[in-house]
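Taking it in order: structure first as structure tokens, then the write-up.
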Amino acid sequence: MAVVSRGFGARRREQDPALPPGQYLTTDFPVLSAGPTPHLHAGEWELEVRTETGARRTWSWEELLALPQEDVRTDIHCVTRWSKLGTRWRGVAVDTLLEGVETTAAFTTVHCYGGYTTNVPLADLVDGKAWIATEFEGAPLPDEHGGPARLLVPHLYFWKSAKWVRGLVLTETDEPGFWERNGYHLYGDPWREQRYW
Ligand SMILES: Nc1nc2c(c(=O)[nH]1)N[C@H]1C(S)=C(S)[C@@H](COP(=O)(O)O)O[C@H]1N2
Ligand SMILES: [Mo]
């Protein structure tokens, strides 16, 4: 009987302490989308933050780019078990968008062009933990990876990093999004393997 061996090198890499349990390293960048890729023009693009009281703020593409931009280097982990280490992004911290926004909400529903949604506790989007990313590896974010802008919340499984982000709606209760209604975990911590529930 032949035994399929992944080789000593592969096994050693999978013991990398930066890899959460059950993940393997990949060097390519798989595309995972539940529907067709929207092709959005900067002129029609808008980002919205809406609070539980209905108060709204919006940013055009130019307004988003006029905000302070941050360079982020981070590992990302997909629930389908691939991880990438040391990916480089550039974008606006969610903290910057929320400056001066008054809310007592504890959760957010992230809405996307194309209809995808995902839920994230507000605490997981603030204090330098999440960005609206517009660049990947020094180039504009490709359409299939969420261009012109996606949420980046790298400490949770990557389905929370909503592509083609359109808005953050602050909510008082935790409302499951697209994958969460279809069996994915409400929170999605890769270090606790919160894949499905
Ligand atoms: N709008 C939108 N965002 C999305 C998805 C999607 O289908 N639509 N898929 C999610 C899932 S399941 C993953 S793993 C990542 C994949 O991002 P990538 O295609 O850039 O690798 O995007 C997440 N964000
Ligand atoms: Mo995913």
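Both counts, for ligands and for their atoms, begin at 1 and track the order of listing. All figures in this text were calculated on a predicted structure; none of them were measured in a lab.
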**Item:** Mutual orientation of the aromatic rings belonging to Trp61 and Trp45 [parallel < 30°, tilted 30-60°, perpendicular > 60°]
**Value:** perpendicular

**Asked** Is the centre of the Trp179 ring less than 6.0 Å from the centre of the Tyr184 ring?
**Response** yes

Distances only, to 0.1 Å: what are the N or O pairs between ligand 1 and the protein that fall under 3.5 Å?
| unit_1 | atom_1 | unit_2 | atom_2 | d |
| --- | --- | --- | --- | --- |
| ligand 1 | 1 (N) | Lys163 | O | 2.9 |
| ligand 1 | 3 (N) | Lys163 | N | 2.8 |
| ligand 1 | 7 (O) | Ala34 | N | 2.6 |
| ligand 1 | 9 (N) | Leu32 | O | 3.1 |
| ligand 1 | 17 (O) | Arg150 | NH2 | 3.1 |
| ligand 1 | 19 (O) | Leu32 | N | 2.9 |
| ligand 1 | 19 (O) | Lys163 | NZ | 2.6 |
| ligand 1 | 20 (O) | His145 | ND1 | 2.6 |
| ligand 1 | 20 (O) | Arg150 | NH1 | 2.7 |
| ligand 1 | 21 (O) | Pro30 | O | 2.6 |
| ligand 1 | 22 (O) | Arg150 | NH2 | 3.2 |
| ligand 1 | 24 (N) | Ser161 | O | 3.2 |

**Asked** Is the side chain of Asp189 donor-acceptor paired with the backbone N or O of Gln194 at a distance under 3.5 Å, no angle test?
**Response** no

**Prompt:** When you measure from the side chain of Glu172 to the backbone N and O of Glu52, does any donor-acceptor pair fall under 3.5 Å?
**Reply:** no

**Item:** Salt-bridge criterion met for Asp124 and Lys129 (N-O under 4.0 Å)
**Value:** no

**Item:** From CA spacing to verdict: side chain to side chain contact (heavy atoms under 4.5 Å, CB included), Lys163, Cys112
**Value:** CA-CA 7 Å; Lys163 304 194 282 190; Cys112 301; 5.9 Å; no

